[in-house]
Peer 1: 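Got a structure here, written out as structure tokens. Questions coming.
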Amino acid sequence: MKLGMIGLGAMGLPICRRLLANNYEVRAFDLVEKAVQEARESGAEICTSAALAASDVDIVLCSLPNAAIVSGVLREVLATEDLSLKYFIDLSSISPDSARNHAKMTAERGVEYMDCPVSGGVGGAATGTLTVMAGGSDEGFAKVLPVLEAIGKKIYHVGSVGTGSGIKMVNNYLLGCNMAAVAEALVLGAKIGLDLDTMYEIIGSSSGRSFIIENKIPNFIKKRNFEGGFAVDLEHKDLGLAADTAKQLKMPTPMGSTAIQMFETARAKGYGRQDITALLKIWEELMDIEVK
């Protein structure tokens, strides 16, 4: 079976490779030449436009930075005169409203749009163990499930279009708030004389444990390596999606508002492309101590 893959970034490229490893033929497109070359070397057929990547296939997957870029790609793809596409699987992290708007766009050409954001990071994308949160019809989900199983280990059909994006937004809202709190707490601990190993071991087996404690401390903070991982810029964007949605609902989100300011501070410090654990450095600098 032949698929289209639009977007070969940090997540899109390993996802493309997983599709190829599961014996799918892939027509791929990206604007970055290095990513294109790596996809070509992995066995993908490289296309010179998003429209071409979506031609002569029933299913297209896309993994792009934001809703505006996805909208632009959709306009290009849907403008194709002879369109064989049936399902457009959007793996991007966008707002529920954006997902529903995209579904309206594709429905005019008889294409079903499904918002299927993923969680699990670059490592999960490379190993095919992502968590996939799908929004769309029952029939559409059944049709695309084999493709999703090539990239994910836990696959959930959350509900109609927009619900996949919604649960991802809520998840990343919690991730951002927790990261901001953990960074603050670890520096507080260091200031009162606690070492990182002690905090990691005890909190990791106590009520304060979380993904940040269990994953980010050993893989980033202990190593003092803040490169790679889930970028500050991306988490800042996801917190913004939650804030915008809450504003529409007239719901106050004080925890999220504080987290947004911490991530904005990290961006101002030049940490935007570093892992979210870079928030720790803000407090370390402020309190003149290193967590170790």
Side-chain angles (χ1 to χ4, degrees), residues 6-15 30-35 38 62-73 90-99 115 117-126 130-131 133 165-184 210-212 215-217 219-221 223-247 253 255-286:
I6 300 171
L8 300 169
M11 294 293 288
L13 182 60
I15 286 171
D30 196 278
L31 293 173
V32 179
E33 183 55 38
K34 183 177 183 293
E38 291 186 37
C62 88
S63 179
L64 296 167
N66 57 56
I69 297 175
V70 175
S71 295
V73 163
D90 190 359
L91 307 174
S92 315
S93 293
I94 61 175
S95 73
D97 276 352
S98 293
D115 56 321
V118 299
S119 182
V122 175
L130 293 169
T131 296
M133 299 151 260
S165 297
I167 188 64
K168 176 65 185 294
M169 183 182 70
V170 169
N171 178 78
N172 282 25
Y173 177 86
L174 286 169
L175 175 70
C177 291
N178 188 230
M179 184 66 250
V182 169
E184 204 173 307
S210 66
F211 171 81
I212 300 294
N215 179 278
K216 293 295 187 178
I217 287 181
N219 293 321
F220 291 88
I221 295 174
K223 296 176 181 179
R224 301 300 299 183
N225 178 14
F226 301 98
E227 302 302 321
F230 185 48
V232 165
D233 282 341
L234 293 178
E235 177 58 39
H236 179 265
K237 180 206 73 173
D238 289 346
L239 284 168
L241 294 177
D244 290 344
T245 301
K247 185 176 181 179
T253 51
M255 301 300 174
S257 297
T258 300
I260 287 173
Q261 290 304 309
M262 291 310 304
F263 277 88
E264 194 65 76
T265 302
R267 282 156 52 88
K269 296 285 288 183
Y271 303 151
R273 300 184 69 178
Q274 294 185 12
D275 182 71
I276 58 174
T277 48
L279 264 65
L280 181 75
K281 296 190 287 184
I282 297 170
W283 289 106
E284 289 179 327
E285 293 166 16
L286 182 64

Peer 1: Say you draw a straight line from CG of Leu234 to CG of Leu239; how long is it, rounded to the nearest 0.5 Å?
Peer 2: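 Leu234 CG to Leu239 CG: 11.0 Å, rounded to 0.5 Å.
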Peer 1: Do the side chains of Thr245 and Asp97 get nearer than 4.5 Å, heavy atoms only?
Peer 2: no
Peer 1: Do you know the tightest heavy-atom contact between Leu279 and Ala180?
Peer 2: CD2-CA, 3.8 Å
Peer 1: For Lys168 and Val118, work out which heavy atoms get closest and say how close.
Peer 2: NZ-O, 2.8 Å
Peer 1: Please determine whether the number of non-hydrogen atoms from other residues, nucleotides or ligands lying under 6.0 Å from atom NZ of Lys237 exceeds 12.
Peer 2: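 Correct, the count exceeds 12.
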Peer 1: Looking at SG of Cys62 and CG of Asp30, how far apart are the two atoms once the value is rounded to the nearest 0.5 Å?
Peer 2: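 If we round to the nearest 0.5 Å, Cys62:SG and Asp30:CG are 11.5 Å apart.
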Peer 1: If every non-hydrogen atom of His236 is compared with every non-hydrogen atom of Ile260, which pair is closest and at what distance?
Peer 2: CD2-O, 4.0 Å
Peer 1: Measuring only between side-chain heavy atoms, which start at C-beta, is Met262 closer than 4.5 Å to Glu184?
Peer 2: no
Peer 1: To the nearest 0.5 Å, what is the distance between CE (Met255) and OG1 (Thr253)?
Peer 2: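 Result: 10.5 Å between the selected atoms.
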Peer 1: To the nearest 0.5 Å, what is the distance between NZ on Lys281 and CD1 on Ile221?
Peer 2: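 With rounding to 0.5 Å, NZ (Lys281) is 11.5 Å from CD1 (Ile221).
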Peer 1: Suppose we screen for side-chain hydrogen bond (donor to acceptor under 3.5 Å, both in side chains). Which residues come up paired with Glu284, at least two apart in sequence or across chains?
Peer 2: Arg224
Peer 1: Listed by chain and number, what are the side-chain contact (heavy atoms from CB on, under 4.5 Å) partners of Arg273, not counting sequence neighbours?
Peer 2: Asp233
Peer 1: Okay, side chain of Asp275, backbone of Ala231: is any donor-acceptor separation there less than 3.5 Å?
Peer 2: no
Peer 1: Give a yes or no on whether the backbone of Phe226 and the side-chain of Thr277 come within a donor-acceptor separation of less than 3.5 Å.
Peer 2: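 Side chain of Thr277 to backbone of Phe226, a donor-acceptor pair under 3.5 Å: no, none is there.
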Peer 1: Considering non-hydrogen atoms only, spot the tightest contact between Ala125 and Met11 and give its length.
Peer 2: CB-CE, 3.9 Å
Peer 1: So how far is it from Ile6 CD1 to Ser63 OG, rounded to the nearest 0.5 Å?
Peer 2: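 Here the interatomic distance stands at 11.0 Å.
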Peer 1: Shortest non-hydrogen contact from Val232 to Ala278?
Peer 2: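 Minimum heavy-atom contact is CG2-CB, 4.4 Å.
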Peer 1: Once rounded to the nearest 0.5 Å, what's the spacing between atom CD of Glu285 and atom CG of Leu280?
Peer 2: 9.5 Å
Peer 1: So, Lys34 and Glu38, do they make that salt bridge, N to O below 4.0 Å?
Peer 2: yes
Peer 1: Hey, does Ile15 have a side-chain heavy atom less than 4.5 Å from the side chain of Leu130?
Peer 2: yes
Peer 1: Please find the pair of heavy atoms, one from Pro117 and one from Ser92, that lie closest to each other, and give the distance.
Peer 2: CB-O, 3.7 Å
Peer 1: Could you tell me if the side chain of Ile276 sits less than 4.5 Å from the side chain of Phe263, heavy atoms only?
Peer 2: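 Yes, side chains in contact.
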Peer 1: Please report, to 0.1 Å, the donor-acceptor pairs under 3.5 Å made by any side chain of residues 170-179, with sequence neighbours excluded.
Peer 2:
unit_1, atom_1, unit_2, atom_2, d
Asn172, ND2, Asp238, OD2, 2.6
Tyr173, OH, Gly256, N, 3.0
Asn178, OD1, Ser210, OG, 2.8

